[in-house]
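Letters A, B, ... mirror the listed sequences (proteins, then strands); counts begin at 1.
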Number of protein chains: 2
Amino acid sequence: MKHVTLDDVAKEAGVSRATVSRVVNDYPHVSDHVRQQVQNCIDKLGYNPHLIARSLASKKTGNIGLVFPNSIHNFFTDPYYPRLTEGIAHACNENDYTLSLFIFHTEELEKKLIPRLTRGGLVDGIIVQATGIDDNILFKIKNGEVPFLVAGRPLNLPEANYIDVDNVSGAYNAVAHLIRVGRKKIGMISGPRNTSAGLDRLKGYRQALRERNYPIEDGLIVEGDFTELSGYHAANQLLKNQEVDAIFSASDTMAAGALRAVKDHSLSVPEDIALVGFDDLPPSRTAVPSLTTIRQPIRRFGVKAVDVLIDIIDNGSPPPRQVILGTELVIRESCGSI
Amino acid sequence: MKHVTLDDVAKEAGVSRATVSRVVNDYPHVSDHVRQQVQNCIDKLGYNPHLIARSLASKKTGNIGLVFPNSIHNFFTDPYYPRLTEGIAHACNENDYTLSLFIFHTEELEKKLIPRLTRGGLVDGIIVQATGIDDNILFKIKNGEVPFLVAGRPLNLPEANYIDVDNVSGAYNAVAHLIRVGRKKIGMISGPRNTSAGLDRLKGYRQALRERNYPIEDGLIVEGDFTELSGYHAANQLLKNQEVDAIFSASDTMAAGALRAVKDHSLSVPEDIALVGFDDLPPSRTAVPSLTTIRQPIRRFGVKAVDVLIDIIDNGSPPPRQVILGTELVIRESCGSI
DNA sequence: TTGAAAGCGTTACCAG
DNA sequence: CTGGTAACGCTTTCAA
C-alpha cells in the first residue's frame, strides 16, 4: 500500500497541490465549497501528511528533545525522573510535538549525539536535566543552533533559560515545621553539593535555623547523593555521632533510607526522631510511618517546561525565561505533629 | 549562523555534491585523495548532515517509537517501565536511532497520534507495551504501514512480533523453591488476569503445585494489579482467610505491600511467612528482610527489543520474531532458606 | 480564491 | 572514481 500524497489528493479533487495544503493546514482563503470537496477526498483516500517532508519544507521539526546527561545515573532508581519524563511527554503530545528521549550513559555517546541534536535539524528545542557544576554538556548545547531550557537551576550557566522549584523556601518550610513542633536538634541529609537542588535545599535549612537562632553545626549536615542507600548511611552517621531528635532529608528516597537506619538503631519515627523528606513521591504516602514531606509539582513542572520551551521556540530567546514553581508542606505521621 | 549544507562543502572542496555525500556516508568508490580533501572541508566548515533532509531522500527516518498506551497508568510508580525505557533508549542511541516516546494518557490522544505514527513517516518501527486482552491499540498499529514489536506476549494478537521473559518458568521456579524449603501452604498474589504477565506467572505457580501434588485452591490466589497497595490488600486477605506459610507475589512491588501486611499482622518474614517476588527491582535488595525474587533482565530486554526491531526493519517482517528471555532465581532472606 | 513553481538538503541512479 | 540530475512530499511565495 503506497503512501497517499498531497498530489494524489489534488488530482482526485481536481485542484492544485497548494490548495490541498491550505485545507490540511486550516488556512483561510479557501472557498467553503472547495474546502469541503478536498476534505472529502482526503477522507476517501485516507491521506496523512508526511511529517518529514513537512519538516523539510517548513523548517520546523515538531520535535522536542529531552536530554539526560551521563551524570544522571539513577534515572530509574529515583521515581523523580520518570515522573518528570511523563509530564513532559504528555505536554508534548498535547501541543502536537513529538518527544525524543536521549539518555546518555557515556561521554562518548554525548560527543556523538550532541552535534546531531544541536545542528542536525533534529529538534526544534531541547529540555536538558543538567544542573551540576561540572555538567559541561550545557556549553556544548549552548554552542548549537537550537534553543534550550534547563530543568533545574543550572549552576554553571546562570543566564540560561531554566525552570525550577523553589528549593530554598521548600527546605526552609520543612525545617521551620520541625522547629515549630518542638524539635531541638535537627540534622540534615543534604543532596550533592555540586547540584543546585542539593545546594538550595541546604541553604533553606540553614536559613530556617539561623532565623530561629539555632546553631548551625557542620556535624549536623551529612551529604548524600539522592539514593536510598546514601540516605541510610548518612542517617547512620547522624545517629551515631549526634543526638539529633529530627532529620530533614533533601529527598524522599533518601528519607526512606534514613527511616531504615532509625529502625536499625532501635529508635522510632516520629517518637525519637522526627523525619521530613522532599519531593512527595508516591511511596511516601504509603510508607510506615507515612512521610511528612515537601511536595513539588513534578508533573506540572514537566508541563510548564514544555510551555516555556515552546514559547522560546515561537518567540525567540531573549529575554531569558526563568520560572520558579512553588512547593507545599505535606504533613503526615513522620514529623510527629499529628 | 546559517546551516552548512552539502553544497557548501562541495563548493569549498571543488567537487560535486554527490561525492561529498559519499564521503559523509562512508561509501566506497572515492579515491583516498579526494576523500581526505573533502573530509578536511567538512571539518573546516563544521558540516553536519541535515537529518530531516536525509530522511526524506532515503525514506528512512532513523526513528524508533516507544508507545505506552493509556492502559499503563503506573509508568512512574513501577520502576519496571523506566528501567525498560532506559534500556531501549540506550540501545537506540548505540544503533544510531533516535527514540520517540509516546505516553498516551487518554484514548483521544491515541486516536490523534496513532495515525501520525503509523502513516506519517515519523518512525521506522514501533515498540509497544500492550499485552492486555483489551489493548485494541495493537490493531490500530497493525493497520498502519510501520513494523512493530510488542514488549510482552500480546494476548490478543498471538501472531505479532514480540519479546517476553519466560514468566511461566520463572514463576514455576519461585514456587518450586518455596516447596523445596519446606513450605506447606503457598498463597499467590497474582497479576491482573487480563495481562499475559499476570496469566503466565499464575500458570507457573499452578504448574509447580500440581507437579508436587499440592492442592490448588482458589482461595489461595488473590489478584492484584502490580501496585504496592494491591499487594498489601491481597496479602491481608490471604493472611486473614488462609493459614499460609508462604506467599509468592507476581511482582516485587506487590511483594513490598505484602511485607507491610505481614508486619501489620504481627507476623514475621521469613519465620512465619516466606515471601518471594518477581522482577528483582533495586529496592528489593535493600529491603528488610531482603527479598528473594525472580530476576528478569529488564535492561537486556530493552536492548534485545531494539535489536529485534531493527532486524525487522532491515529484513522485512515474516517470519514472525518471537523471543523469550530467561529468568533467574535470586535467593535472599525473605524465603528463609539462608 | 486559486495555481504554478521554486525551494528545503539529502540520496541514488545513470552516464561518463 | 566522479558529476549531473531526478526524486522525496511538502510549504510558501508570487501572479493571476
Side-chain angles (χ1 to χ4, degrees), chain A residues 1-39 41-42 45-63 96 115-116 119-124 145, chain B residues 1-39 41-42 45-63 96 115-116 119-124 145:
Chain A
M1 183 168 56
K2 221 192 128 288
H3 195 89
V4 182
T5 74
L6 215 51
D7 260 331
D8 299 332
V9 178
K11 214 160 289 169
E12 178 79 18
V15 298
S16 78
R17 199 164 60 213
T19 301
V20 180
S21 174
R22 289 187 191 105
V23 172
V24 170
N25 295 294
D26 267 332
Y27 282 169
H29 307 308
V30 181
S31 73
D32 282 354
H33 171 247
V34 171
R35 179 178 301 259
Q36 186 55 51
Q37 181 185 344
V38 169
Q39 188 59 54
C41 294
I42 288 176
L45 299 182
Y47 168 76
N48 283 97
H50 190 106
L51 272 53
I52 298 284
R54 173 180 286 178
S55 292
L56 186 58
S58 67
K59 304 191 144 292
K60 302 204 64 209
T61 67
N63 267 61
D96 282 329
R116 200 174 296 185
R119 338 187 82 95
L122 206 52
V123 297
D124 293 332
E145 301 162 344
Chain B
M1 182 166 58
K2 222 193 128 290
H3 195 90
V4 182
T5 75
L6 216 51
D7 260 331
D8 298 334
V9 178
K11 212 160 290 170
E12 178 80 18
V15 299
S16 79
R17 200 163 61 211
T19 300
V20 180
S21 175
R22 290 187 191 104
V23 172
V24 170
N25 295 293
D26 265 333
Y27 281 169
H29 308 308
V30 179
S31 73
D32 282 354
H33 171 247
V34 172
R35 181 179 300 264
Q36 187 56 51
Q37 180 185 342
V38 170
Q39 187 59 56
C41 294
I42 288 176
L45 298 182
Y47 166 75
N48 283 289
H50 189 106
L51 272 52
I52 298 283
R54 173 180 285 178
S55 293
L56 186 59
S58 67
K59 305 193 140 289
K60 300 204 66 217
T61 66
N63 267 58
D96 281 329
R116 200 175 294 185
R119 339 185 80 98
L122 205 53
V123 297
D124 292 332
E145 302 162 342

If you only use heavy atoms from C-beta on, which nucleotide in [options] is closest to the side chain of [X]?
X	options	value
A:Tyr27	C:dT2, D:dT12, D:dG9	D:dT12
B:Ala57	D:dG4, D:dG9, C:dT10	C:dT10
B:Arg22	D:dG9, C:dC13, C:dT2	C:dC13
A:Lys59	C:dT10, C:dG9, C:dT2	C:dG9

Please check the phosphate of [N] (OP1 and OP2 only) for any side-chain N or O of [X] closer than 4.0 Å.
X	N	value
A:Ser16	C:dT2	no
A:Ser21	D:dT11	yes
B:Ser31	D:dC1	no
A:His29	C:dT1	yes
A:Ser58	D:dT11	no

[X] has an atom [atom1]; how far is it from atom [atom2] of [N], in whole Å?
X	N	atom1	atom2	answer
B:Asp26	C:dT11	CG	C1'	15 Å
A:Leu56	C:dG7	CG	P	14 Å
A:Leu6	C:dA5	CG	P	17 Å
B:Asp7	D:dT5	CG	P	13 Å
B:Arg54	D:dA7	CZ	C1'	17 Å
B:Ile52	C:dG9	CD1	C1'	11 Å
B:His50	C:dG7	NE2	C1'	13 Å
A:Ile42	D:dG9	CD1	C1'	14 Å

(request) Assign A:Asn25 to base, sugar-phosphate, or nothing according to its heavy-atom contacts below 4.0 angstrom with the strands shown. (result) sugar-phosphate

(request) Look at all strands and tell whether A:Asp32 reaches a base, only sugar-phosphate, or nothing, counting heavy atoms closer than 4.0 Å. (result) nothing

(message) Nearest 0.5 Å, please: how far is NZ in A:Lys60 from CD1 in B:Ile52?
(response)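 One gets 12.5 Å once the value is rounded to the nearest 0.5 Å.
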
(message) What's the separation between atom CG in B:Leu6 and atom CD1 in B:Ile42, rounded to the nearest 0.5 Å?
(response) 8.0 Å

(message) So does B:Arg116 get a backbone contact from the side chain of A:Asn48, meaning a donor-acceptor N/O pair under 3.5 Å?
(response) no

(message) Are A:Val20 and A:Lys11 packed together at the side-chain level, in the sense that at least one heavy-atom pair is separated by less than 4.5 angstrom?
(response) no

(request) Could you tell me whether the side chain of B:Glu12 reaches within less than 4.5 Å of the side chain of B:Val4, counting heavy atoms only? (result)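 A side-chain contact is absent here, since even the closest heavy-atom pair is not under 4.5 Å.
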
(request) Could you go through the side chain to side chain contact (heavy atoms under 4.5 Å, CB included) check for B:Asp26 and B:Arg35 one step at a time? (result) CA-CA 9 Å; B:Asp26 265 333; B:Arg35 181 179 300 264; 3.7 Å; yes

(request) Could you say whether B:Arg35 or A:Ala53 is positioned toward the 5' end of DNA chain D, judged by the nucleotide with the nearest heavy atom to each? (result)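 Per heavy-atom nearest nucleotide, the more 5' residue is B:Arg35.
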
(request) Tell me which of B:Arg17 and A:Ala18 sits closer to the 5' end of DNA chain D, going by the nucleotide each one is nearest to. (result) B:Arg17

(message) Return whichever of A:Gly14 or B:Val24 has its heavy-atom-nearest nucleotide of DNA chain C closer to the 5' end.
(response)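 By nearest-heavy-atom nucleotide position, the 5'-most residue is A:Gly14.
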
